[in-house]
Every structure is written in structure tokens, then in C-alpha cells.
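We number each residue from 1, following the sequence as shown.
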Amino acid sequence: MQSDRNLHSHKRSGSSSSSTTSTSSGTSYEDEEEDINSNNTRMHTSLEIAVLLSLFRHRHSLSKSCLTDMCRLLRLLGVPNVPVDYRSIYKLINPCGNSMFQPKLTVVCPTCHRVSMNMKKCPITHCNSHAGYVRAPTVNYTFKLREQIKSILERVPLTCIGTNDGHMTDVIDGRAHAHIHTLERKPFITLILNSDGVLIQKISRSLWITTMAINEIPRDVRFQLPNMVIGMVSYGSQKPKRAEFSSLLDILVDELVELEHGIDVCLPSPGGVRFASSLISTHVAVNLLGVVSDKPAQSMIQNMIDSGGFYGCGKCQIVGESVRAGKGHIRCFPLDTTNPPDLRSNKTYDQAMKILTKNKQQRACRNSLTGAYNDAAKGHVGPCALRRLRFFDMGQSFLIDSLHNLYSGAFNQYRNAFAIQK
């Protein structure tokens, strides 16, 4: 009898809980229906529907053809403002397409070194390559820097400055960065540029790539491929001449000058939170801090003679000496500590440009890549576009290539000397 009562009470409690559940579920369905009805009070735009369909596609890993079929189904059901297909969705979300990342094509004439977009002949009538290029020209693609930098800054939090108690642990702790910090009133970031090339023997083409990295990004992710800024990519039948590369560098510097005035960007919080309320909208100036390349690339960027010639050092104005070595001669640069050479700077560069401008004969003898010990221009062949940048120094902003100069240079010599003593 007692068990029957318990069973009866259990049935009553079960029926009451089920009724409560049904009531609550019914209430939630009613609330959801009210929300849907309230959202249907206005007609959704094509852009809103396109964004929702795109998110739905990525959420469920749908194909493009599946998304196109969904658009057709919604249109058959009479849903207004539904895009026609996947292409319409893409154009609505990204009206500019990939134009913001598309490079600018430039062709350098191998004869007169004028730039154009003609792949077959030089547009200059009095040029020897007007009927057709005498050899395969250097073809260059210059990429837009602004959008690349904005894309990186909006993804990666920046490193805080002044947290190392005066210790030199990164580029942002150096004197060059501190100098910019004292003169630049608005927030800024700095870039470091590298340019290098390789000869692809199978197709007999020389490929040159100019890239940049943002120094304020944490070092563990700074040189990862998604965080690199592509400046230029050029190819040709041979390594670009100095005059050819000078024309291409001038195009890249044009945008670097514009970036010095700043770009509008939404910086993420230092904690990496990506909510809209945590984004910091600010105007950031972009400055080129330095260039690091091997010696052949550096002499081409500086528009100077080869590093093995007289006045071949890109950091100072040491002359150099020719010394017999075996059956020939080599160039060496003994340093006189009592009378050290002058360091290269914007002032020494400007003086050299005045000499090259006034003395045409002096410029003509610059065609020799080894130079001369009595060179009044101190190794400069012609102008360098980097001089137009605000915080770039034409001597000290060309940094030491640690791979070739330190590890494969001085360190290798010390190792060999130590092995001989052993």
C-alpha cells in the first residue's frame, strides 16, 4: 500500500515536471518566434545576407557551388535581396577585390634605364631599345605597403617600449629608435629592409626580392611569413644594374615617404583580445629604420662601387689598399687607429652628390666598379632614393649583415686561428 502511494506520487511529480518542461519550452519557442518576427519588421540588405551566408559557409565548410545553390533556393522561396550566386556574395563583401594587394608592374629598359610598362620595347624614340629590347629587361612588381602593414598591425599586438631598464635586448632599445622617439610626436613603428637575389639556372633568370619587417612586433613572430611586408619582386636575364635598381627603389621610396605621414589603424590590446571594445584606433607613422643586406646587395642599394673596390666600405670612407696575394692582388682595408676614417652620413653623401653633379668626368669614371684611390666622390656612383626619408642615415642606417660579416667572417677567422694553435 505504501509502495502504491509512492508510485502515485512519483507519477504526479513526473507529470508536473513534464508539464513544466513543456511550458518552459513553449515559452522559449514563443520568445524565439517573437525575436524572429521583430527582426522581420525591416528588410535585410544584400550585404547583410551576403555576410550571413559567408559565415554559414565557413562554419559548416560548404563549397562555393553549395552556396550558389542556397542562393537559388532562397530566391525561389521569395526571400528579397538574396545575392545571385557566390560571386555576387564575394563582390558585396569585398567590392575592391584584390586590387589593394595587386602589384604595380614596371619594366626597366636595359639601355637607357627608363621605366615603363612596355614588355617588348622602350617607349623612348632615341633609345637603342626602341625597336626592341637588346636583352631581356628587368621586370619589377612593386606591392602596396599600406594595406600590408595595416593587416599585420591589426592582428599582432605590439611590444611595449621602455620595459628593459636600459638593457639592449632588441632593435627598439637602440639609439636610432630612441632618436626617432624624441623627435616623433605621434605614435610610430619602424621597418627594417632586406633585399637579396638568386640566379635560377634552369630558366636563366635572376630573381630579386625586397622585403621588410616591423621592429615593434615580438621577435618570436616578427619574421614569420604572414608578418613580412613584401616591397618588390623583380626578375630579369641577369642581376639588376645599379641604375636599374635605383629607378625601382625610387618607386618604393615614394610610398615610404607617404607612410611617414601616418596611417589610420585599429591596434589590438596588448593581451591579444579581439573584441571591438578592445581595439585602439590611432594614427601611426611608419619610418624606415635601417637596411640589412649582404655586401653586393648593399652596394647596389647605396648606389656605390663594389665592396672590394677603393672606398668600398658602406659605413666609413676608408680608402683601402691593393696587396699582392698569390698571382694577383686583393683589396684590404687596414684601420689606422691614430687617424680613423670619417664615418658616412647624410652630410658626406650630400657632398658626394654635389661633386658628381658638377663634375661630369668624375661621374663618368664611376662606371668602374673598383673605383680609384683618388675618388673625390668617395665611392658613390649616383644618387640613392633612401636619402628622401626623414630618419634614414645614408651611412649608419646600413646595418651589419651578421651572417656574412660576423658568423662567416670574423668568427670563421677566429675559429681557424684557434684550430691552427691547437
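- No more than 12 heavy atoms of other residues, nucleotides or ligands shown are found within 6.0 angstrom of NZ on K104.
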Check: Yes or no on salt bridge (Lys or Arg N to Asp or Glu O under 4.0 Å) for R222 and E216, after CA distance, side-chain angles and deciding distance?
Finding: CA-CA 8 Å; R222 183 179 305 167; E216 286 72 18; over 6 Å; no

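- Evaluation of the side-chain hydrogen bond (donor to acceptor under 3.5 Å, both in side chains) test over residues 68-78, restricted to residues two or more places apart or in two chains, returns none.
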In a table with atom names and distances, give each donor-acceptor pair under 3.5 Å that connects a side chain of residues 243-259 to protein atoms at least two apart or in another chain.
from : atom 1 : to   : atom 2 : distance (Å)
E244 : OE1    : T138 : OG1    : 3.1
E244 : OE1    : K241 : N      : 3.0
E244 : OE2    : R135 : NH2    : 2.9
S247 : OG     : H113 : O      : 3.4
S247 : OG     : A243 : O      : 3.2
D250 : OD1    : R388 : NH2    : 3.0
D254 : OD1    : R388 : NH1    : 3.2
D254 : OD1    : R388 : NH2    : 2.9
E255 : OE1    : L145 : N      : 3.3
E255 : OE2    : L145 : N      : 2.8
E255 : OE2    : R146 : N      : 3.1

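- In this structure, S151 contributes its side chain and Q148 its backbone to no donor-acceptor pair below 3.5 Å.
- Ring geometry, H177 versus F188: the interplanar angle falls from 30° to 60°, so the pair is classed tilted.
- The main-chain N or O of Y235 is never found under 3.5 Å from a side-chain atom of R205 such that the two would form a donor-acceptor pair.
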Next item on the list: May I have the step-by-step check of side-chain hydrogen bond (donor to acceptor under 3.5 Å, both in side chains) for N215 and T190, ending in yes or no?
Entry: CA-CA 6 Å; N215 296 314; T190 59; 2.9 Å; yes

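- Put simply, the side chain of F143 does not reach to within 4.5 Å of the side chain of M232, judged on heavy atoms.
- Counting non-hydrogen atoms of other residues, nucleotides and ligands closer than 6.0 Å to NZ of K186 gives a total above 12.
- For the pair R331 and F310, the cation sits on the ring face: its NZ or CZ lies under 6.0 Å from the ring centre, inside 45° of the axis.
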Next item on the list: List the steps, then state whether side-chain hydrogen bond (donor to acceptor under 3.5 Å, both in side chains) holds for N118 with S116.
Entry: CA-CA 6 Å; N118 197 319; S116 67; 6.0 Å; no

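- Each of C109, P123, C112 was compared with S129 under the side chain to side chain contact (heavy atoms under 4.5 Å, CB included) criterion, and only C109 meets it.
- Remark: side-chain polar atoms of D306 are not paired, donor with acceptor, to backbone N or O of G308 under 3.5 angstrom.
- A donor-acceptor pair is defined here as one N or O able to donate and one able to accept, closer than 3.5 Å; such a pair exists between the side chain of D375 and the backbone of G379.
- Between the side chain of D170 and the backbone N or O of I172 there is no donor-acceptor pair closer than 3.5 Å.
- In terms of modelled atom types and a separation under 3.5 Å, the side chain of Q317 and the main chain of L343 share no donor-acceptor contact.
- Between the side chain of T348 and the backbone N or O of R344 there is no donor-acceptor pair closer than 3.5 Å.
- Side-chain N or O atoms of N194 include one that pairs as donor or acceptor with a backbone N or O of V292 at under 3.5 Å.
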Note to self: Applying salt bridge (Lys or Arg N to Asp or Glu O under 4.0 Å) to R387 and D350, what does each step give before you reach the verdict?
What the structure shows: CA-CA 9 Å; R387 179 64 179 92; D350 295 338; 3.0 Å; yes

Next item on the list: Apply side-chain contact (heavy atoms from CB on, under 4.5 Å) to the pair F392 and L289, showing each step before the final yes or no.
Entry: CA-CA 6 Å; F392 194 87; L289 183 67; over 6 Å; no

